[in-house]
Amino acid sequence: MKVLKKYCLIIMIMVCLVLTACAKASKEQNVAGTLEEIMTKVYASVPEEERPMALTNIEVTDENIEGFLGTSDIEYDSILASESMVGSIAHSVVLIRTKENADVNAIKAKIKENINPRKWVCVGVEPEDVIIENKGNLIIIIVIEDENIRNNINKEFKGL
């Protein structure tokens, strides 16, 4: 009987440790703040003069989602895109806050499969240069022709 109690105690302690570690990891990975605040942070290392003309934040909705992601078949809470209002500049940064229990890896794969990195007139990005990363339930899509800007934005996102 003592051995059984001892094993039960060990199992209960292990379960508590696992649950605590999972909860802590989940909280650490999610990025706090509004998408507008996060967008400002990811552009922090890109000087104003290196940003494209007429760079604007655009709320992505069910009506315009396919133009930004190539698909509307994803679970999300909110999406914000940052693009130039000048049509022939290959520059798009999209932040997606997914629903809490959404399969983030499946969403990233669906976007990678469907996104159009040549959606602009006469310019585009090679598919292998499209960056799709996540931190918890926040996904960033970076489709930018300029390699330095693309890498700086990705570095800022990873540092959030």
Give, for atom CG of L95 and atom CE of M39, the distance between the pair rounded to the nearest 0.5 Å. 4.0 Å
Taking all atoms of both residues into account, what is the closest heavy-atom pair of N152 and S45, and its distance? CB-OG, 3.3 Å
Looking only at heavy atoms, the pair that brings P52 and S84 closest together is CB-CB, 3.9 Å
Within the distance-only criterion (no hydrogens, no angle test), does the side chain of E37 pair as donor or acceptor with the backbone N or O of T34 below 3.5 angstrom? yes
For the backbone of G159 and the side chain of K41, can you confirm whether one donor and one acceptor N or O come within less than 3.5 Å of each other? no
For residues L69 and L138: do they belong to one hydrophobic cluster (side chain heavy atoms under 4.5 Å, members Ile, Leu, Val, Met, Phe, Trp, Tyr)? no
Do T56 side-chain atoms and A54 backbone N/O form a donor-acceptor pair below 3.5 Å? yes
Nearest non-hydrogen partners of D129 and R150, listed with the distance: O-CD, 3.1 Å
Looking at every non-hydrogen atom in both residues, tell me the closest pair between R51 and A44 and how far apart they are. NH2-N, 4.4 Å
Can you tell if the side chain of I96 reaches within under 4.5 Å of the side chain of I111, non-hydrogen atoms only? yes
Which heavy atom in N30 sits nearest to a heavy atom in G136, and how many Å separate them? OD1-CA, 3.3 Å
Measure from the side-chain N and O atoms of K119 to the backbone N and O of G67, and report whether any donor-acceptor pair falls under 3.5 Å. yes
Distance-only, no hydrogens or angles: does the S72 side chain make a donor-acceptor pair with backbone N or O of E66 under 3.5 Å? no
Count I, L, V, M, F, W, Y as connected when their side-chain heavy atoms are under 4.5 Å apart, and connections chain through other members. Are I153 and I89 then in the same cluster? no
I65 with V104, same ILVMFWY side-chain cluster at under 4.5 Å: yes
Assigning hydrophobic clusters by single linkage (Ile, Leu, Val, Met, Phe, Trp, Tyr; side-chain heavy-atom cutoff under 4.5 Å), is L55 placed with W120? no
Heavy-atom side-chain proximity of K158 to L160 below 4.5 angstrom: no
Check ion pair E113-K110 (N to O, under 4.0 angstrom): no
So do T98 and I74 actually touch side chain to side chain, heavy atoms under 4.5 Å? no
Could you note down all residue pairs passing side chain to side chain donor-acceptor pair (under 3.5 Å) where residues 135-148 supplies at least one of them, sequence neighbours left out? none
K155, NZ: over 12 other non-hydrogen atoms inside 6.0 angstrom: no
Looking only at non-hydrogen atoms, find the nearest pair between I38 and G33 and report the distance. CD1-O, 3.8 Å
Are L80 and V42 connected in a single hydrophobic cluster, I mean Ile/Leu/Val/Met/Phe/Trp/Tyr linked by side-chain heavy atoms less than 4.5 Å apart? yes
Hey, what do you get for CD1 (I141) to CD1 (I115), rounding to the nearest 0.5 Å? 5.5 Å
With the side chain counted from C-beta on, respond yes when F68 and I58 share a heavy-atom pair under 4.5 Å apart, and no when they do not. yes
To the nearest 0.5 Å, how far apart are CD in E133 and CD1 in I142? 7.5 Å
Rounded to the nearest 0.5 angstrom, the CG-NZ distance for N134 and K108 is 4.0 Å
I144 vs H91, test: side-chain contact (heavy atoms from CB on, under 4.5 Å). Steps then yes/no. CA-CA 4 Å; I144 298 176; H91 185 104; 3.5 Å; yes
Quick one: does any side-chain atom of R97 pair with a main-chain N or O of S78 as donor and acceptor, under 3.5 Å? no
Heavy-atom distance under 4.5 Å between the side chains of I140 and V93, does that happen here? yes
Taken to the nearest 0.5 Å, the spacing of Y76 OH from T61 OG1 works out to 6.5 Å
